[in-house]
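Lettering of chains follows the sequences in order, A, B, ..., and the numbering in each one begins at 1.
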There are 2 protein chains.
Amino acid sequence: MIQVLLVHHLGLLRSGLAALLDEAPDMEVKDVPWSGDPGRLRSLRADVCVVDTELPESPNGGGIADLCRHMSSAQCGLLVLATPGRPGLLRRAYDAQALGFVNKDATPQKLREGIRHVAAGRRYVDESLAHDLLRAADMPLTARELSVLSLAAKGATVSEIAGRLHLSRGTIRNYMSAITRKTGARNRVDAIRISQGAGWV
Amino acid sequence: MIQVLLVHHLGLLRSGLAALLDEAPDMEVKDVPWSGDPGRLRSLRADVCVVDTELPESPNGGGIADLCRHMSSAQCGLLVLATPGRPGLLRRAYDAQALGFVNKDATPQKLREGIRHVAAGRRYVDESLAHDLLRAADMPLTARELSVLSLAAKGATVSEIAGRLHLSRGTIRNYMSAITRKTGARNRVDAIRISQGAGWV
């Protein structure tokens, strides 16, 4: 029997996904809400943890990366459910050592197949996510540019960003120009829009 | 028997929700992907149409409002599944004459209860959405401010917005200041962030 831990922040969707897995004769499913505390989940022994890439960050900043770290140290493989068109979220899951990647627009068969692969310790990638994975590998922005952009996306001014990152305002302006150019955006607001849509920030 | 039409753009979530409704002895469920063409859905006779408020707009601009119009002219009641914290999307569904409002974080029982109410022609509101509905009633921006903001959110400059809406640049700047003030934002980027988060644009 494969022990599956299903973590989702929205109860109705979680129950629906659990119903799909309940039909599999080789799986036993525990579905739990997302409390923002991966430590608590770790104590629920499981072979595979299924989680949405759009899981909201917990108030203390722990998100999917934090969850991945906890689960893999408990010998539990991670399979993520990805919304197509958001390569940044895929990238974060990949960097956090997720083993399985299933499109939220897939069939239930595919989800079950992915779970069986991850339970056996094998990587599983839904082929319909190939394009997003290529884009994810090709993330145009550096880590520093990403921190500038994510502060800007929260409404911080150039001076505030400069203060937070201990850099000059001119440097922040240069970063913003590089970000705008690299994302193919028309201006700063457009760069934020494009990057948020893709899930980079 | 209540004929339920379940429309969702993500197949795995759609199958999961369908599995929850299949358990109800008084419902017959047809689940269909969202093609962006509500005319096609209308021909599938149903008593209640269940749809996600986050359904993407179709390329020709038709979204949930368009779907509502088509379904209600076919005597089919609309029940929407709402993400908590996004009053703007609730407001759009309300304006489009949706009858049922169920939180995506609800239990399957609540969804089935809501469907039975809507099938009988009665309004149904999940009490956990009360706060969002109050915020939805209180939308701070005028229709004109919303059009300015949604162009700005797509990355248009003040001059471009002025051109598109046949207004002067000074007028657009005044609208942007009013929007920033009314949303309690610190600046233009922050106003876009707040309004998008709430689902106003």
Side-chain angles (χ1 to χ4, degrees), chain A residues 6 8-23 31 33-34 50 52 54 56 81-85 102-112 114 126 128 149 151-158 160 176 180 183-194 196-197 201, chain B residues 6 8-23 31 33-34 50 52 54 56 81-85 102-112 114 126 128 149 151-158 160 176 180 183-194 196-197 201:
Chain A
L6 174 64
H8 204 289
H9 51 294
L10 295 169
L12 204 51
L13 305 183
R14 188 172 65 239
S15 305
L17 292 167
L20 296 179
L21 299 179
D22 274 337
E23 293 169 17
D31 73 288
W34 169 237
V50 175
D52 194 315
E54 287 174 87
L81 302 176
T83 310
V102 172
N103 193 329
K104 273 194 242 178
D105 197 21
T107 59
Q109 288 73 21
K110 203 150 256 179
L111 172 59
R112 293 192 284 256
D126 185 334
S128 67
L149 187 65
L151 288 170
K154 287 181 186 126
T157 61
V158 168
E160 287 165 348
M176 287 306 310
T180 304
T183 53
R186 297 149 65 214
N187 51 44
R188 187 152 77 108
V189 173
D190 199 30
I192 292 171
R193 180 186 67 84
I194 290 171
Q196 283 183 327
V201 290
Chain B
L6 174 64
H8 204 287
H9 51 294
L10 295 169
L12 203 50
L13 305 183
R14 188 172 66 240
S15 304
L17 292 166
L20 296 179
L21 298 178
D22 274 337
E23 293 169 16
D31 73 286
W34 170 238
V50 174
D52 194 315
E54 287 174 87
L81 301 177
T83 310
V102 172
N103 193 331
K104 274 194 240 177
D105 196 20
T107 59
Q109 290 72 19
K110 203 150 256 180
L111 172 59
R112 294 192 283 257
D126 186 333
S128 66
L149 187 64
L151 288 170
K154 286 180 186 126
T157 61
V158 167
E160 287 165 349
M176 287 306 310
T180 304
T183 52
R186 298 150 63 213
N187 52 45
R188 188 150 77 109
V189 173
D190 199 32
I192 292 171
R193 179 186 66 84
I194 291 171
Q196 282 181 329
V201 289

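- For chain A, the option among B:Ile192, B:Val102, B:Asp190, B:Ile194 with the highest count of heavy-atom pairs below 4.5 Å is B:Asp190.
- Interface residue B:Ala153: only backbone heavy atoms are found under 4.5 Å from chain A.
- Here the NZ-CG distance, from A:Lys110 to B:Leu12, works out to 11.0 Å after rounding to the nearest 0.5 Å.
- The line from NZ of B:Lys104 to NE2 of A:His9 is 8.0 Å long, rounded to the nearest 0.5 Å.
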Please tabulate, for the side chains in residues 13-23 of chain B, all donor-acceptor contacts under 3.5 angstrom to protein atoms that are two or more places apart in sequence or on a different chain.
from    : atom 1 : to      : atom 2 : distance (Å)
B:Arg14 : NE     : B:Asp31 : OD2    : 3.2
B:Arg14 : NH1    : B:His8  : O      : 2.7
B:Ser15 : OG     : B:Gly11 : O      : 2.9

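- When A:Lys154, A:Arg188, A:Gln196 are compared by the number of non-hydrogen pairs under 4.5 Å with chain B, A:Lys154 comes out ahead.
- In this structure, chain B has a heavy atom under 4.5 Å from the backbone of A:Ala152, while its side chain stays farther away.
- When all heavy atoms are compared, the tightest approach of B:Gly155 to A:Asn187 is O-ND2, 2.7 Å.
- Neither the backbone nor the side chain of A:Pro33 comes within contact range of chain B; no heavy atoms are under 4.5 Å apart.
- Residue A:Glu160 touches chain B through its side chain alone, counting heavy-atom pairs closer than 4.5 Å.
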